[in-house]
Amino acid sequence: MAGSDDVILLDFWVSAFGLRVRIALAEKGIHYEYREENLQNKSPLLLEMNPVHKKIPVLIHQGKPVCESNIIVQYIDEAWHDKSPSLLPSDPYLRAQARFWADFVDKKVYEAAKKIWMTEGEEDRQVAKKELIEVLKVLEGQLGEKPYMVGESFGLADIAMIPFSVWFHTLNEIGKMNIERECPKLAAWVNRCMERESVSKTLPHPHKFYEFVLEMQKKKGH
Amino acid sequence: MANEVKLYGATRSPFVCRAVIALNLKGIKYELVVEDLSNKSADLIKYNPVYKKVPVLVHNGNPISESLVILEYIDEVWNGVPILPQDAYEKAQARFWAKFMDDKCFPAVFKAVISHGEEQAVAEAQEALQFLENELKVKGSKFFGGDNINLVDITATFVAFWIGAVEEALGIELLPKDKFPKLTEWSDNYVNCQAVKDSLPPRENLVAIYKKRFGKA
């Protein structure tokens with residue numbers, strides 16, 4: 001059985017990937033030490049614990065690092081398998097679905113969403129908006145009439161996606177779009193996830209994320 | 001229903017080959033459904049509507065896509081030779097390296113190939129591969145999985161076999177022995193494992209395909 005007394009998380013307050021890990025730790029009720037990283041001046045510990053990517057989040061458990069958010073979430077589920085709830089289904093086929101959709105968020109949602117505030121020019125932005133809505137509608141297709149992304153329980157796939165809900169307000173403002181109106185099922189799923197304390201107490205307010213993005217854009221001279 | 005296992009794809013794809021190796025490692029009977037990727041079958045689109053890619057494993061009518069997801073599924077459903085470690089931390093390490101292979105190594109190698117061995121692209125590919133070289137050095141074992149192959153070795157099949165074929169087809173050097181002694185030794189050991197030998201496509205076929213697809217006119 002894993003001890004909860006030697007868990008450190010190297011993270012950045014607004015990182016969607018770090019938020020996944022914080023939600024998973026909260027779901028399991030695991031106590032940990034949170035360490036905020038300055039991404040412009042990374043700590044020696046971060047560079048030592050993630051020499052390959054030098055990125056957050058990094059979970060350090062009993063001195064040993066685990067990197068890559070979706071991998072960390074699965075690690076948390078397995079190392080603390082005796083603590084409920086389970087973060088993955090028990091059925092192998094549903095587990096495969098959970099992994100597939102968690103990976104889909106990485107491959108498709110993150111890239112499409114970033115483009116909204118990174119592209120310049122109205123034409124490119126319209127293309128980026130269309131791409132993002134298409135990707136979100138694929139997620140809605142997976143959701144269907146189910147309460148959560150895979151099966152009946154909140155888990156890996158939901159954890160992978162829910163931090164990006166913090167981005168919706170920013171995407172709506174900068175992209176001049178209305179994600180909730182175009183994807184009502186996804187909006188309902190967000191509300192359902194927000195009923196969980198692990199989510200509502202962990203996610204930063206969407207306006208704070210918007211302020212952060214505006215700051216970033218100002219620094220880049222937009 | 002009887003245990004019906006179908007795999008959509010052809011082994012000239014390193015991603016499909018991963019799944020074939022895993023199936024052979026576990027001794028699973030399956031039907032290979034060869035796909036013409038320029039004319040995808042209705043079944044492939046039905047089973048993988050999100051990406052429309054191979055490999056897709058269909059087990060008793062249930063489709064699983066993405067090679068790494070398939071490998072974990074095979075390991076969880078069928079006993080026999082293990083593909084992932086049991087220990088949670090070791091599992092996380094294996095998943096990390098498999099993901100690194102796909103996120104960093106493969107795209108960098110691909111870029112080096114399509115640029116016909118352009119200096120900067122080759123340098124970036126070798127930078128990524130150096131992490132694998134170091135990992136083998138640190139581990140000091142025959143395979144990434146220790147004495148036996150595991151998820152990481154299987155994911156690295158393209159390094160062991162495809163890189164050599166591409167080097168020959170294009171007359172470029174991606175993995176010189178003097179720079180990558182560990183990876184070179186690992187490659188030789190890996191392609192001689194029975195399950196791997198049984199799964200690899202004929203090298204001449206790959207060389208011919210790559211000469212045609214990427215070779216200079």
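Naming convention: chains lettered A, B, ... in sequence-line order (proteins, then strands); numbering from 1 in each chain. Here the structure is a predicted model, which means the values were calculated and not measured.
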For [X], which atoms come within 4.5 Å of any heavy atom of chain B: side chain, backbone, both, or neither?
X: A/V52; value: both
X: A/P65; value: both
X: A/N70; value: neither
X: A/Q142; value: neither
X: A/R95; value: side chain

At a 4.5 Å cut-off on heavy atoms, which part of B/P63 comes close to chain A: side chain, backbone, both, or neither?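 Contact with chain A involves both backbone and side-chain atoms of B/P63.
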Quick one: what part of B/F131 sits under 4.5 Å from any heavy atom of chain A, side chain, backbone, both or neither? side chain
Specify whether B/W97 and B/F100 have parallel, tilted or perpendicular ring planes, treating 30° as the upper limit for parallel and 60° as the lower limit for perpendicular.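 Taking B/F100 first and then B/W97, their aromatic rings stand perpendicular (interplane angle over 60°).
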Relative to the ring of A/W167, is the ring of A/W117 parallel (under 30°), tilted (30 to 60°) or perpendicular (over 60°)? tilted
Please determine if B/R95 and A/E68 form a salt bridge, counting it only when a charged side-chain N lies under 4.0 Å from a carboxylate O.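 Here B/R95 does not pair with A/E68 in a salt bridge, since their nearest N and O are not under 4.0 Å apart.
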Leading residue by heavy atom contact count with chain A [cutoff under 4.5 Å; candidates B/V77, B/V69, B/I64, B/N62]: B/N62
Using the test salt bridge (charged side-chain N to carboxylate O under 4.0 Å, His left out), find all partners of B/D103 that sit at least two apart in sequence or belong to another chain.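 Testing B/D103 for salt bridge (charged side-chain N to carboxylate O under 4.0 Å, His left out), a comparison that skips the adjacent residues, returns B/K99.
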Does the side chain of B/Y73 come under 3.5 Å of the side chain of B/H59 through a donor N or O and an acceptor N or O? yes
